[in-house]
Amino acid sequence: MQIQLETQPFASVQADALVTYVFDKENKIEGLLGEIDSAMNGRLSSLVANGEITGKMLETLLLHFPEGIAAQKLLLVGAGKPDKFSASDLRKIAGTAVRQLKSRGAKKIVFLAREGERDPSAAQAVVEGLIAADFESDKYRSEKKNREIQSVGLAGFDASLGVDLTAAINQGKVIAESQNFARDLINEPSNKMTPRILAARAEAMAKEAGLGIEILDERRIAELKMGALIGVAQGSVEPPRVIVLRYEPVNPKPGAPVLGLVGKAVTFDTGGISIKPANNMEKMKYDMGGGATMLGAMRAIAALKPAISVIAVIPSTENMPGGRAQKPGDVQVAMSGKTIEVINTDAEGRLILADGVFYARKLGCTHLIDAATLTGAIEVALSNVHVGAFGTPREYLDEFLQSAKATGEKMWPMPIDDEYQQMIKSDIADIRNTGSGKGGGASTAAWFIKEFVDDTPWVHLDIASTCWVDEGRPWLAKGPTGVAIRSIVDFALKM
Ligand code: BES
Ligand code: ZN
Ligand code: ZN
């Protein structure tokens, strides 16, 4: 999708569609909307007056061959109440327009921002919405729908802002394309996305983006004594990998923080010997979503160049039953030296993250963020609405949540009190990999990771219920969402 600033007056641009938005109870049609209205001889105001256009959030009205406008169609998207309006709504409006118009075969569209949304941050949100909405999961379909919006002109933005505006547009592009890059990885079935293939994809991306990369193979993993990861991987014929990516700023300041991004990349989670039921098991191809999130974030970080060093550590394996698989009751020794009683082999994500976060600290990370499709319990708590966000110290989590808010990603702070630590005490080892069965499954999982994080400032994102959606939204296709990338990149840039 090509995106460029539109310099011509929007009414005279040749395009398949001109898109703009109308607020709820917008009774005075003025400004840019007024210009459209007068070009159309007052048709717009009469549609508002007779209730055809309500302005309700994401309600749309498509007008064909609008009088006085060069574009073939005029798409009006409802924007809700103006006092509640945010960049996040603008992102959804742009996405909704793309998804509506591509299904009607539009190739070139013009998006008209209105007077209140002319600044760079609005432009960035629009671009993010446009590109994320263009993503389709049709790679393995013989007959492609070939419905792609080829070009989008951005009209109405304040061109006098010059570089600031073009930088924001570029940032939006980089972030949304990185989100789509991650979504592509997540979509791959597990026979086409093994730990080795994921590592190769990471290598190709790193080369293109200019990131340092090191892939730890099964020998190196054994040398490093990553016993928790090995325990999960030993049931599979496919060998595990740990992907390590490095971003260095041009002038690294001595003593500056080093951000570590750790992502769970289980390329298929059968549950292992504690095997999952068949129903919905195919979805467990997306159990590498946390790893893909960090790959997407690193791709964007490489282009947007924050001032701090960032290291991604992505442990990757399958979780399979088999003659060599670990069994419930087995004790594994993690890289840190802590011993773990494996009560349930399906609680494998926390095991590989245990070695992942510990290794990230070994590599010098002073601050950590992990992302993982970790627990079904987070869906019980938050449905597919919010990412569950854990972290210590609380101030560090709060700072991260600021980035989530700024980028329009819904995340909710979850408790990690010491009582949850009590629930992962083992009778025979240092800790056990599941709680005591009295609920709080997302919090006991988080505490398990914290056992290896120690006092390093840390945020843990449980994306099990938000990384993938079974139903499409007006602004986003069903399937992988690419959630958390925007927040993580924003946080790295602000750090
Ligand atoms: N990968 C799953 C979590 C998951 C569930 C992700 C649903 C996406 C959708 C994870 O490895 C898992 O199986 N967790 C168990 C832990 C339990 C055995 C303590 C769970 O949540 O049921
Ligand atoms: Zn599992
Ligand atoms: Zn899993």
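Whatever order the structure lists them in is the order used to number ligands and atoms, beginning at 1.
A salt bridge links R91 with E128; the closest basic N to acidic carboxylate O contact falls under 4.0 Å. In summary, D470 and K283 engage in a salt bridge, as defined by a charged side-chain N under 4.0 Å from a carboxylate O. For the pair R147 and E136, the salt-bridge criterion is not met [side-chain N within less than 4.0 Å of a carboxylate O]. Note on R196 versus E238: salt bridge recorded, some NZ/NE/NH1/NH2 to OD/OE distance being below 4.0 Å. In this structure, E208 does not pair ionically with R299, as no charged nitrogen and carboxylate oxygen lie closer than 4.0 Å. Residues K139 and E188 are paired through a salt bridge, judged by an N-O separation under 4.0 Å between the basic side chain and the carboxylate.
Taking the ring centroids of F390 and F400, they lie at or beyond the 6.0 Å cut-off.
D269 pairs by the salt bridge (charged side-chain N to carboxylate O under 4.0 Å, His left out) definition with K276, not counting sequence neighbours.
The stretch residues 265-322 participates, sequence neighbours left out, in these ring pair (Phe, Tyr, Trp, His ring centres under 6.0 Å) pairs: Y286-W468.
Protein contacts to the Zn ion (ligand 2) involving N, O or S atoms at a distance below 2.8 Å are D269 OD2, D346 O, D346 OD1, E348 OE1.
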Are any protein N/O atoms closer than 3.5 Å to the N/O atoms of ligand 1? If there are, list each pair with names and the distance to one decimal place.
residue: ligand 1; atom: 1 (N); partner: K264; partner atom: NZ; Å: 3.4
residue: ligand 1; atom: 1 (N); partner: D269; partner atom: OD2; Å: 3.2
residue: ligand 1; atom: 1 (N); partner: D287; partner atom: OD1; Å: 2.8
residue: ligand 1; atom: 1 (N); partner: D287; partner atom: OD2; Å: 3.0
residue: ligand 1; atom: 1 (N); partner: T373; partner atom: O; Å: 3.4
residue: ligand 1; atom: 11 (O); partner: K264; partner atom: NZ; Å: 3.2
residue: ligand 1; atom: 11 (O); partner: D269; partner atom: OD2; Å: 2.9
residue: ligand 1; atom: 11 (O); partner: D346; partner atom: O; Å: 3.0
residue: ligand 1; atom: 11 (O); partner: E348; partner atom: OE1; Å: 2.8
residue: ligand 1; atom: 11 (O); partner: E348; partner atom: OE2; Å: 3.0
residue: ligand 1; atom: 13 (O); partner: K276; partner atom: NZ; Å: 2.8
residue: ligand 1; atom: 13 (O); partner: D346; partner atom: O; Å: 3.0
residue: ligand 1; atom: 13 (O); partner: D346; partner atom: OD1; Å: 2.8
residue: ligand 1; atom: 13 (O); partner: D346; partner atom: OD2; Å: 3.1
residue: ligand 1; atom: 14 (N); partner: L374; partner atom: O; Å: 3.4
residue: ligand 1; atom: 21 (O); partner: G376; partner atom: N; Å: 2.7

